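A short worksheet on the structure shown next.
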Amino acid sequence: MPLNDAVLDEAAAPQVREAEEGPRTESPQVWFDGRFIDAGSNGAPLTTHAMHYGSGVFEGIRAYATADGGSAVFRLPEHLERMRKGCELLGIPFDPAEATEATLQVLRRNRHRDAYVRPLAWCGTGSIGLDTAPLSKHLMVATFATNVHLAGVQVKLGTSSWRRNPSTSLPPLKLCGAYVNSILAKHEARQRGFNEALFVDDQGRVVECTGANVFMVRDGRITAVEHRDALAGITRDTVIALTGASARPVRHDELLDADEVFVVGTAAEVTPVDELDDRRFDNHLVSREVAREYQRVVRGESARHAHWLARV
Ligand code: PMP
């Protein structure tokens, strides 16, 4: 996967380290309905409901190596609470305590310290109709080792011709089927020579990217883009808490006029934007400072924020 995709695609794990380290002697394991199976094994039948209709809920979570030689998962309860809400809407039973345990177990089992964690709950088999009640329900948690060096990525944002799923039709949660909207925008962006898409609404207000929330910097002040169709990102919440940024609706022309623009997300972390349509941003001073502070916090170097880390 090209580096740019890896950095900004929430639905794709950031760089998989196996490529650098050569083949593992032991194949990575996935927690699947209470047991471990090989990541490459065929766990779901072809009649799986989620494969046909997108009836699943996922999360994108990260674990970071800490200075003491261990590792910690960043804001795990918040991620699992968002997943619980999505599962509730689809009628998928979800126990955050079980998912917490599965996450910690699979990280230990795979000996992944810097890792991207992908839990997925989905509707399985039992019917081909749209009612989820008769269907089997499943949970898996996979982990992918991530490369920690993400510097040097040029982010070229293109404003999408697609609209974001309106929250009145599809709530901004991590429902699998909803991500077809992001996939369409990403595909269009790529065809137009960008590597990421920016959603705006019919009134010209900024919504978000395909897998990240948007911030701008103007005269030293940091603003978090607010929009009801955007995912309530956990990284966005973290950055607001760390910087005291104010949150408000932002017009597309304000973004083009900003001194700096950066995007945030679990996979993207804090990434400065280099280009937005025809506009170039050469100054990333504030964005880089925020990115550095975010790294300190996720790696357990800030005692004040230790409560955001779950030790593996
Ligand atoms: N928006 C979308 C559409 C996303 O998929 C993500 C990634 N989960 C984000 C924003 C950022 O959310 P978070 O910081 O919780 O990862």
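This is a predicted model, so every value here is computed, not measured. Both counts, for ligands and for their atoms, begin at 1 and track the order of listing.
- The shortest N or O to N or O distance between R82 and ligand 1 is below 3.5 Å.
- The NE2 atom of H79 sits 4.0 Å away from atom CD1 of I234, with the distance rounded to the nearest 0.5 Å.
- Residue contact check for ligand 1: A212 places a non-hydrogen atom closer than 4.0 Å to it.
- Taking distance alone, with nitrogen or oxygen atoms compared against 3.5 Å, H79 stays at or beyond that limit from ligand 1.
- Residue-level proximity to ligand 1 for N213 is carried by backbone and side chain together, each with a heavy atom below 4.0 angstrom.
- Relative to the ring axis of Y116, R118 does not place its NZ or CZ within 45° and under 6.0 Å from the centre.
- Under the 6.0 Å distance and 45° angle rule, R109 counts as a cation-pi partner of F36.
- Taking hydrophobic clusters as Ile, Leu, Val, Met, Phe, Trp and Tyr residues chained together by side-chain heavy-atom distances below 4.5 Å, L242 shares a cluster with V270.
- Although no hydrogens or angles enter the test, the distance criterion places no donor-acceptor pair under 3.5 Å between the side chain of E59 and the main chain of L80.
- At under 3.5 Å, a nitrogen or oxygen of I234, whether backbone or side chain, sits near a nitrogen or oxygen of ligand 1.
- Using a 30° and 60° split on the angle between ring planes, F215 and F262 fall in the parallel class, below 30°.
- Distances shorter than 4.0 angstrom do not occur between any heavy atom of D237 and any atom of ligand 1.
- Classified by interplanar angle (parallel below 30°, tilted 30° to 60°, perpendicular above 60°), the ring pair H138/F32 is tilted.
- Using a non-hydrogen distance threshold of 4.0 Å, E59 does not register as a contact of ligand 1.
- In the displayed structure, H52 atom NE2 is contacted under 6.0 Å by more than 12 heavy atoms of other residues, nucleotides or ligands.
- Heavy atoms of S182 found under 4.0 angstrom from ligand 1: none, in either backbone or side chain.
- Looking at ligand 1, you'll find an N or O of T235 within less than 3.5 Å of one of its N or O atoms.
- Taking a cut-off of under 4.0 Å to the non-hydrogen atoms of R164, the atoms of ligand 1 that pass are 3 (C).
- Contact atoms of ligand 1 toward G233: 12 (O), 13 (P), 14 (O), 15 (O) (distance under 4.0 Å to a heavy atom of the residue).
- Every atom of ligand 1 is numbered from 1 in the order shown, and the set under 4.0 Å from a heavy atom of Y179 is 2 (C), 3 (C), 4 (C), 5 (O).
- Screening V250, V225, V273 for a side chain to side chain contact (heavy atoms under 4.5 Å, CB included) with V214, the sole residue that qualifies is V225.
- Applying the 4.0 Å criterion to heavy atoms of E208 picks out, from ligand 1, the atoms 1 (N), 2 (C), 3 (C), 10 (C).
- With a 4.0 Å heavy-atom cut-off, ligand 1 is reached by no atom of R62.
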